[in-house]
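Being a predicted model, the structure only gives us computed values, none of them experimental. Sequence lines set the chain letters: A, B, ... in the order given, protein chains first and strands last, and positions in each chain run from 1.
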Amino acid sequence: MTTTPIQPRLTDVGPPSYDKYLPPVVRKNYGQWKYHEKIAPGVLCHVAESGDRLYTVRGGAPRLLSIETIRKFADLADKYCGGYLRFTSRNNIEFLLTEPANIEPLKRDMAAMGIPVGGTNNSISNIVHTQGWVHCHSAATDASGIVKSVMDALCEHFTHEDMPAKLRIALACCLNMCGAVHCSDIAILGVHRRPPKIQKELLPNVCEVPTLISSCPTGAIRPATWEGKPSVEVIEEQCMYCANCYTVCPAMPMSDAENDGLSIWVGGKVSNARSEPRFSKLAIPYLPNHPPRWPEVVEAVVKIVEVYSKHAHKYERVGEWIDRVGWPRFFELTGFPFTRYHIDDFKHAGLTFARSAHVRY
Amino acid sequence: MTTTPIQPRLTDVGPPSYDKYLPPVVRKNYGQWKYHEKIAPGVLCHVAESGDRLYTVRGGAPRLLSIETIRKFADLADKYCGGYLRFTSRNNIEFLLTEPANIEPLKRDMAAMGIPVGGTNNSISNIVHTQGWVHCHSAATDASGIVKSVMDALCEHFTHEDMPAKLRIALACCLNMCGAVHCSDIAILGVHRRPPKIQKELLPNVCEVPTLISSCPTGAIRPATWEGKPSVEVIEEQCMYCANCYTVCPAMPMSDAENDGLSIWVGGKVSNARSEPRFSKLAIPYLPNHPPRWPEVVEAVVKIVEVYSKHAHKYERVGEWIDRVGWPRFFELTGFPFTRYHIDDFKHAGLTFARSAHVRY
Amino acid sequence: MADAPDGKKRANGLPDTKLLDDLEKGPWPSFVTEIKSAAKSSESARDLLGQLELSYEDRKSHWKHGGLVGVLGYGGGVIGRYSDVGDQFPNVAHFHTMRVNHPAAWFYTSDALRTICDVWERRGSGLTNMHGSTGDIILLGTTTDQLEPTFQELTHAGFDLGGSGSAVRTPSSCVGMARCEWACYDSMKLCYDLTMHYQDELHRPSFPYKFKFKFSACPNDCVASIARADMSVIGTWKDEIQIDEREVANYAAGGLDIAKDVCSHCPGKCMDWDGKKLSIENHDCVRCMHCMNVMPKALRPGKERGAVILLGAKAPILQGALLSSVLIPFVAADELFETIKELVSRIWDFWDEYGTNRERIGELIQRVGMPAFLDAIGLDPVPEMVSAPRDNPYIYYQTEKEGEQ
Amino acid sequence: MADAPDGKKRANGLPDTKLLDDLEKGPWPSFVTEIKSAAKSSESARDLLGQLELSYEDRKSHWKHGGLVGVLGYGGGVIGRYSDVGDQFPNVAHFHTMRVNHPAAWFYTSDALRTICDVWERRGSGLTNMHGSTGDIILLGTTTDQLEPTFQELTHAGFDLGGSGSAVRTPSSCVGMARCEWACYDSMKLCYDLTMHYQDELHRPSFPYKFKFKFSACPNDCVASIARADMSVIGTWKDEIQIDEREVANYAAGGLDIAKDVCSHCPGKCMDWDGKKLSIENHDCVRCMHCMNVMPKALRPGKERGAVILLGAKAPILQGALLSSVLIPFVAADELFETIKELVSRIWDFWDEYGTNRERIGELIQRVGMPAFLDAIGLDPVPEMVSAPRDNPYIYYQTEKEGEQ
Ligand code: SRM
Ligand code: SRM
Ligand code: SRM
Ligand code: SRM
Ligand code: SF4
Ligand code: SF4
Ligand code: SF4
Ligand code: SF4
Ligand code: SF4
Ligand code: SF4
Ligand code: SF4
Ligand code: SF4
C-alpha cells in the first residue's frame, strides 16, 4: 500500500459518462424502445422500434456485497451478456441479454450462487435499507439482519408475481430515514423510546450549545450549566426521541438496548400511477429488537402482506386498498391494536382527524 | 309601554316543544315517511308509509322580514294549509299542504307578494348571510345588499332546477364568518386590508392589554406604552387584517372605506353525499365595495355559476367538478387571475402544495 | 319624525334613500322594502333606513362595538348595539337585538308567528331575521328599557331567549322525522330535549367560549352541523341499505343510468349494477347517502339506526376554521340523549379546566392533542376517529406506563 | 489474527458468531455470508463480523459519532466512523466509508466492476454496498491513511467520489431511455450533465445543508425522486396519449377488462371504453401512467415531451417529512438542462442568504412561505403549484404595491 500520489493527481473527474457502460443493443436503440413484455418472474423483454429485443434477468442481492460476489456477477455477465449488467434503484442486479437462449442457463447459474430471480412486476421487490449496526452510530436497530429475516419469509413473493400490485418495503434504522421509508407500502423504522443521556463532562468540549438547543423539534432542550460550563438539560416529557440532538452532538447518545426497537408503517407510495404519492402511516408503534431474527417484525410484515394480498383488488397498492376499505378494517383484519400513538399529535395533527360522517361499520 | 313584570316572571321556559306546531299530517306520520317525489321547482311531495301525502311549497325570502310580511305569510298559511308553515335552514319559507289543489293558488298568491317559488333540488337556494351594515360593528361590507344583488341575478336558477347539483352560496361580512361561509359552493366574504387604527386615548380605558395581545393569530401586536399607560403597537407587516383584535378591543377599529371589500371562495360543501365535507378555497382575493349593487361581485358569482353549470357533470357539486378538472382549469375557464394570494402561507400551507406529478395540460 | 341633522329629505316620513331604493328593484324580494314596510309604523326602522343609506354612501358600518345589556338573571340572548351617528339617527342610538330560541326545525303555526309579531310591534323595530345563522328568531333592534318587558311577554307566550356569549348557543336541528324519509334518529326531539336540559348553560354564560350543538338526522346534514357546531350529531345506520328491487328496475326503466349516475359516484366503491341487479357491499359503504338521494324510492337507510357524534367545528378565528371530527362512530338512536349528556359533561369539565379564554373546544383539542383529550374524557381511541393514522414518527412513547410490550 | 480480548473462539480465523450464523440460513442471499467471504482475506471485515455479533448480543450499535476525514481538496465523499470497542476489534477502530459516484442508472461492464473490486481489495475491507440509498457505490470501511490513495486510484480509473455533508449529493436517475419505452426525457444524460456541472458544489460543501437531485423519466418515478430529492425532475408529456387501436383490441381480446382494470382506476376520470373503442379526454388526464402501465403495447405518452420540476422533498427531521412540490409544471425536454441550471442558481442564492444551518430548501420554503419564495426567485405563481388554493382568509394583502384593483 502506498500514499504516493499517482501522477497527475486527478480531481473532479465526475462519474463515468452516462453512456460509457451501455451494451451495444442499448446504444443502438437508446430512446427508441417501443414496449415491453412479461416473460417470467424476474425476466423482462424490451422491444425496440427497430425490432431489437433486450432481455433483462433480475436477481435479488443483499446489497452488502463482498468483492468476491461482485466478481462472480462480472463473470456471469461475461458468460451470458458480453459483460454488461446493471443494478436497480432497489439494489437488485440485472443482467442484460440479447440472446433469449441464455436466459435459462443464466438463471441456473444464479440459482447455484444463491441469487433468487424475481422482483419484477407485481412481486415484492428487494427491501431498500440502510446501515444499521453494520456502520452507523445512530442506529436504533440493525438493518441487514431484519431485511434478511423478512426477505427469507417473503422470498417466494419475490420469485412469484403474486401480489395485487407492486409491493415495496423499506427499512431505516433511525428517524433520519436514510432508506426514505416514509413513502413505502410497508416501512420498518428503528425507534428510540428514551430521551438522550446527556454526557455532561463531554458535552462542553464537543458540542455547540445553541446549535444543540435549536436542533430539537419540540423545544425539549433547555440551556443549563454544569460545573460552571454551558450545558443543557432535557425536559423529558417534551422529548419524542427523534435523536436529532444526537446527530448534532455526540454527547447526547440515545441508544438503549431495552427500549429501542421498531415501528411498522404502511400504505405509502411514490409512483404517480393512479393515486398521488403519499406517506406511509403508522401501523404498529413498537416492536422489540430481537436479534438475530426479529420474529415479531417478520410476523407483522408477513401478516400485512397476507391480509393485503387476500383483500386488495388487482392494481391496488397497499394504501389504495386501505383507502377503499378504510383504516378500521385494516386494524380489524390484521388484528393490530389501534392505540393513542396512532392518532397524530404533531404539527398538522388536526388535519388527520376524521372530519366527515363517512364511517364504515 | 311598561316595565312592570307580568306575574309570575317566567324564566328558562325554553323553546316551544318540538312537536307543538306540527301539522296533523306530520304528527300522524312522524318518523314514518317513505319517500319523496319532485313535483315542480319549489314543490316537494313527501309520501308516508300510510300513503298520506305532504306537499311543501317553498318560497325565497330576504330573511330580514318586517312583521307585516310575516303576518302575510301567516295569512297564506291559514288560507291554504290550516295555518302550518315553517322556515328552512337557509331562511326560505315553506308552506305545508295536504291538498294538492291548493298548490297553484298558493303559488299565485306568493307571486303576487313577490315571493319566488323554488330553491329545491338542483336549484340555487337562498344565500345564507349575516348582518352587515344593518346591525354589526365588525362588518367589512354589507350583507343584505349584496345578497339581494346576487339573487336578483340568479333568481331564475332559484326558480328552475337547472344546476348539475345543489349550489349553495353564503355570505359573511367579516372573518368571524357568522354565515359559516367556509363550506359553501360559493362564498362571499367581507375583508379588511388595513391594520387596525389604534385609538391610543381610548385603549387604556376599554381594553385589557394581555387579552388584546393574545388575540392576534400572527403575534403582530406588541406591548407598548402611551403617555405612561399600558398600550400596544401593531407590526404592520405581520398583520393579515383578521380583526380579531377589534373583536376583543373596541379601540382597534378596522374599517377603511377605500380598502375594505370582498373576497370570493369556491368549492366547499357540507353534505357527506359522495365526497367528504370540505372548505371553500380562494377564487378571488379582492373585489371592491361598490354599493348599492356590487357589480363586480355579482359578475364574479354569475361567472362561476355559468362556468360550473356548463362544465360540471350531473351530480357534481362545484368542488367535485373542480376535483375532476383541476384548479388550473377553473382559473382558465373563469378568467380569474391566479395570484400569490391564492397560495396558502398560513399554518398548514405546505400541505396545499401540489406534491405529485399529476398535472393537466 | 323631524328631518335628520344632515338635512336629508324624506318622502312619506321616510328618509331619502337613493342608493337603497335601487335595491327595491329586481325579482328577488327586497330587504329594503321590508325595512320600509316596518318604517311605516316604527321610528327606529325609519332611522335604520337612514343610517344604512349613510353606510351605503361611506361604505362602512355605523355601528359601534356592543355593550353588555340583557334581561334579569340571564347573561345572554341580547346583543347590545349603539350607533356612531346617534345624533343623526336618535332612534337607533341604542338598537339591541334579541335572540329568541326558535321551535325545533322552525315549525310554526300562523298564530305563533302573529304572537311574536304583536310583541315586536309593541316592543321593538318591527324588524326580524327569520332566522339568524345559529337558528334563532332575531328580533332586530330595540332599546334597553324594552328588553325586560319583551322578554316577559315572550316567556308568557311560550318563547324564551336564545344564546349569546360564552354559553351554550341555541341548538338547531333539521326537519328530520317530521318530513324526511331518511331521518335516522329524532333530531327535533333530541334538539329540544337537550335544549331544555341545558337551559342554565344556555342562559348563563360560564364557559371559556361559545358551545354550539346541531342535529342532522342523516349524513346529508341539512343544518350544516359538521361546519358550524362544536358538537355535531349526524344520523346514520349500521346495517344494510334497504333495497326495493322493483323500484330499482323502475328507475332504470325511467332512464336513470344507474352505473354512471349512482355507482360511479359511490365513494365506498361498493355498488355494482349489472344492468339487472343492484348489489351493495355494505361492509365498504361509507354511509354517504348519494345512492339514496338519487333513488329515494328504491333505497333506504338500514334499520339499525343512530348517529355519529362529532366534535369541534368552528369559524376561522383564531387558528383556522375546523370541521367537526368523529368522536363516537355510532350511538344507537335510543341511547343518544343519555350518551350525549354524559359525554358532554366530561368534555365541559375538561374544557373548563384547561380551556383558555375564547378557546373553542376544537382548538383546545388541537392544542393539547387528541390522545391527551381522549385520556382526559376517558374515551378509548378507535380508528374511526382519524382519516388515517399519523405519518410522522414523532411519538411520545409512554414506556413507564406500558412496560415492555 | 489473534483472539479478541473478550476471548471468543474463532473457527477458520473467523470470530465466533452464533447469532449472525443463523442469518446464513434461508432462501434470501445473506449479508453475513458476504462479510464472511470478505473476511477470508480482510482483517477489517473479520473484526466487523466480531463487532456486529457483539451488537447482536447487546442490541446496540458499537459505532461512535463520525469525525471529519477525507481526501485532499474535497470536503465530502467520506463518512468517518470509529468503533467504541476498538480495543476488542482494532481493525475496525477506524472504519470509514467512501462514497463513489455511480455511473448513471447503475450500468457497468464486468471490467468496470472488477476495477473497483481490485482497488477495494488493496485499499479497504473488500465490502461494499451496491448501492447506497442515495445511489453511490459505497466502499464500506477503511482507515484514514487509505483514503487518499484509494481516491487517486479511483479517479485514474474514471471514478470520483460522491457527496456528503452540506453539499450537492450524488444525483441519480432511472434507467430511462436506455431501456424504457416511457422515458419522456433523457434522465441519464441530464443526470450526468448536471453532475458534471456541479462537481464543485458536490465535492466542496458550502450550503446550509444537503441538496439532492433525482431524475425519473416518467411519472412512475422509479428513483423515488418525489420522496427523496430536494429537486425532483419527473418526465411527462403535454399532448395526447398515443393510442394504437389494434393493440387495444388485442388486450380486450386477451381478457383484459378495460373498463374495470383501466378506466375505473383513471384518476382523471377521462377514459371511456364502450366495449369497442377507447377514448381519452386528454384535457383531463393527469398524466398518471396507469393506463400505459397496464397496456404498454397499446398506449404511449404523447410526443411533446419534457418534465415537471418539483422541489423540496426530505426525510422527517426537523419539521416533518416532505414530498417535493411542483415548481414548474412543464419544461420541454431539450430545455431542461438550461432551465434547471438557471433556476437552481436562483434557488441556491436565496437558500444561501436565508437558509439557517441544517435547513433544507423545502423547510425554508415552508418557513418563509411559497409566495415570498417565488418572489425571491422571480417565478410567477401558477395554479399547478398547489393542490388547491388557500382555504383560510389570512391573506397578507399588499395594498401599497397593488393599489386599488
Ligand atoms: C429497474 C427500475 C428502474 C431503475 O432505474 O433501476 C424500474 C424499472 C421498471 N419499472 Fe419501476 N423500476 C424501478 C423502481 C421503481 C420504483 C422506486 C422504488 O421502488 O423505490 C417505483 C416507485 C414505487 C412506489 O410507488 O413506491 C417504481 C414504480 C413503477 C411503476 C408504478 C407502480 C404502481 O402501480 O404504483 C411501474 C408501472 C408498472 O409496474 O405497472 C413501473 C414500471 C417499470 C418498468 C416496467 C418500466 C419499463 O417499461 O421498463 C420497468 C420494469 C419494472 C419491473 O420491475 O417490473 N415502475 N419503479 C427499478 C427497479 C427496482 C427494483 O429492483 O425493484
Ligand atoms: C328543508 C331543509 C332542511 C331543514 O330542516 O330546513 C332540507 C330538506 C331537504 N334536503 Fe337538504 N335541506 C336543507 C338544507 C340542506 C343543507 C344545509 C345548507 O344548505 O346550508 C345541506 C348541505 C349543503 C351542502 O352540502 O353544502 C343539504 C344537503 C342535502 C343533500 C345533499 C346534496 C349533495 O348532493 O351534496 C340532499 C340530497 C339531495 O338533494 O339529493 C338533501 C335533501 C333534502 C331533502 C330531499 C330531504 C327529504 O327527503 O326531505 C329535502 C328537500 C330538499 C330540497 O330542497 O330539494 N339535502 N340540505 C333545508 C332546506 C334549505 C333551503 O331552504 O334551501
Ligand atoms: C346574528 C348572527 C349573524 C346573522 O345575521 O345571522 C351573528 C352575529 C354576530 N356574531 Fe356570529 N352570529 C351568528 C352566527 C354565527 C355562526 C353560525 C352558526 O352559529 O351556525 C358562526 C360560525 C360558527 C361558529 O360558531 O364558529 C358565528 C361566528 C362568530 C364568531 C367567531 C367565533 C369563532 O370561534 O371563530 C364571532 C366572534 C366572537 O365570538 O367574538 C361572532 C360574533 C358575532 C357578533 C356578536 C359580533 C361580535 O364580534 O361581537 C355578531 C353580532 C351581530 C349583531 O350585531 O347582531 N360570531 N356566528 C348569528 C346569530 C344569530 C342566531 O343566534 O341565530
Ligand atoms: C449510507 C446511507 C444509508 C445507506 O445505507 O444507504 C446514509 C447514511 C447516513 N446518513 Fe443518510 N444515508 C443515505 C441516504 C439518505 C437518504 C436517501 C436518499 O438520499 O435518497 C436520506 C433521505 C432523503 C433526504 O435526504 O431527506 C437520508 C437522510 C439522512 C438524514 C436526514 C436529513 C434530513 O434532512 O432530514 C441524516 C441526518 C443528517 O444529515 O445529519 C442522514 C445522515 C446520515 C449519516 C451520515 C449519519 C449521521 O447522522 O451523520 C449516515 C452515515 C452512515 C454510515 O456510517 O455510513 N441521512 N440519507 C445513504 C447514503 C449512501 C449513498 O451516498 O448512496
Ligand atoms: S437511518 Fe439513521 S441509523 Fe440508519 S444509516 Fe441513516 S442515519 Fe444511520
Ligand atoms: S431526542 Fe429529539 S425530541 Fe428528544 S431532546 Fe433530542 S432532539 Fe429533542
Ligand atoms: S360576519 Fe362579522 S360582521 Fe358579519 S355579523 Fe358576523 S361578526 Fe358581524
Ligand atoms: S387584525 Fe388580526 S392580524 Fe392584524 S393586528 Fe389585529 S388580530 Fe393581529
Ligand atoms: S339531514 Fe337528512 S334527515 Fe335531516 S332533513 Fe336532511 S336529508 Fe332529511
Ligand atoms: S350510501 Fe354512499 S357509500 Fe353507501 S352505497 Fe350508497 S353511494 Fe355508496
Ligand atoms: S421512471 Fe418511467 S421512464 Fe424511468 S424507468 Fe421508470 S417507468 Fe421507465
Ligand atoms: S395517464 Fe392516468 S390520468 Fe391519464 S388517461 Fe391514463 S389512467 Fe387516466
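- Distance alone, capped at 3.5 Å, places no donor-acceptor pair between the A/H182 side chain and the D/A321 backbone.
- In this structure, D/Y74 contributes its side chain and A/D12 its backbone to a donor-acceptor pair below 3.5 Å.
- D/S61 places a side-chain N or O within donor-acceptor distance of the main-chain N or O of A/C136, the cut-off being under 3.5 Å.
- Note: A/H135 and D/W63 have tilted aromatic rings, judged against thresholds of 30 and 60 degrees for the angle between ring planes.
- There is no contact between A/L76 and chain D, counting heavy-atom distances below 4.5 Å.
- Considering all non-hydrogen atoms of both residues, A/H36 and D/P296 come closest at O-CG, 4.0 Å.
- A/Y21 OH to D/T109 OG1: the interatomic distance, rounded to the nearest 0.5 Å, is 5.5 Å.
- The existence of a salt bridge linking D/D244 and A/K34 is excluded, since no basic side-chain nitrogen approaches an acidic carboxylate oxygen closer than 4.0 Å.
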*What do the steps show when you test A/Y315 against D/N293 for side chain to side chain donor-acceptor pair (under 3.5 Å), and what is the final call?*
CA-CA 10 Å; A/Y315 300 113; D/N293 290 345; over 6 Å; no
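- When heavy atoms are compared at a cutoff of 4.5 Å, A/E320 does not approach chain D at all.
- Residue D/L23 comes nearest to A/S149 through the heavy atom pair CD2-OG, 3.5 Å, listed as atom of the first residue, atom of the second, then distance.
- Ring pair D/H65/A/Y246 is perpendicular by interplanar angle, where above 60° counts as perpendicular and below 30° as parallel.
- We find the CD1-CD distance between A/I70 and D/E121 to be 11.5 Å, quoted to the nearest 0.5 Å.
- Heavy-atom minimum distance, D/A178 versus A/L22: CB-CD2, 4.3 Å.
- For D/F107 and A/F87, the distance between ring centers is not under 6.0 angstrom.
- Within the 3.5 Å criterion, the main-chain N or O of D/H131 finds a donor-acceptor partner in the side chain of A/N91.
- Atom OG of A/S144 sits about 7.5 Å away from atom CG of D/N129, to the nearest 0.5 Å.
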*Step by step, work out the side chain to side chain donor-acceptor pair (under 3.5 Å) result for D/R358 and A/S215.*
CA-CA 9 Å; D/R358 297 184 81 238; A/S215 75; 6.0 Å; no
*Take D/S110 and A/D78 through the side chain to side chain donor-acceptor pair (under 3.5 Å) test and state the conclusion after the steps.*
CA-CA 7 Å; D/S110 47; A/D78 285 343; 2.4 Å; yes
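- To the nearest 0.5 Å, atom SG of residue A/C183 and atom CD1 of residue D/I226 are 8.5 Å apart.
- Side-chain atoms of A/R293 come within 3.5 Å of backbone atoms of D/D22 as a donor-acceptor pair (strictly under, hydrogens ignored).
- Using a 4.5 Å cut-off between heavy atoms, A/C249 touches chain D through its backbone atoms (N, CA, C, O) alone.
- The closest side-chain heavy-atom distance from A/E258 to D/R59 is below 4.5 Å.
- Residues D/D193 and A/Y18 have side chains that never bring a donor and an acceptor to within less than 3.5 angstrom of each other.
- Looking at D/H156 and A/P8, their side chains come closer than 4.5 Å, going by heavy atoms from C-beta outward.
- Remark: the backbone N or O of A/V13 is paired with a side-chain donor or acceptor of D/D160 at under 3.5 angstrom.
- Proximity of a side-chain donor or acceptor of D/E181 to a complementary backbone N or O of A/W33 within less than 3.5 Å is not detected.
- Without hydrogens or angle criteria, A/K148 side chain to D/W28 main chain gives a donor-acceptor distance under 3.5 Å.
- Interface remark: A/D142 contributes side-chain atoms only to the contact with chain D (heavy atom separation under 4.5 Å).
- Between A/W294 and D/Y56, the gap from one ring centroid to the other is short of 6.0 Å.
- A salt bridge is defined here as a Lys NZ or Arg NE, NH1 or NH2 lying under 4.0 Å from an Asp or Glu carboxylate O, and A/E68 with D/K36 fails to meet this definition.
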*Would you check, one step at a time, whether the test salt bridge (Lys or Arg N to Asp or Glu O under 4.0 Å) holds for D/D261 with A/K314?*
CA-CA 8 Å; D/D261 291 337; A/K314 207 167 141 193; 3.6 Å; yes
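- Under the 3.5 Å distance criterion, with hydrogens and angles disregarded, a donor-acceptor pair is assigned to the side chains of A/R274 and D/H290.
- The CZ atom of A/R71 sits 10.0 Å away from atom OG of D/S37, with the distance rounded to the nearest 0.5 Å.
- A distance of 13.5 Å separates CZ in D/F31 from OG1 in A/T69, rounded to the nearest 0.5 Å.
- We find that A/E94 and D/R179 are joined by a salt bridge, their nearest charged nitrogen and carboxylate oxygen being less than 4.0 Å apart.
- Only the side chain of A/S255 comes within contact range of chain D, judged by heavy atoms closer than 4.5 Å.
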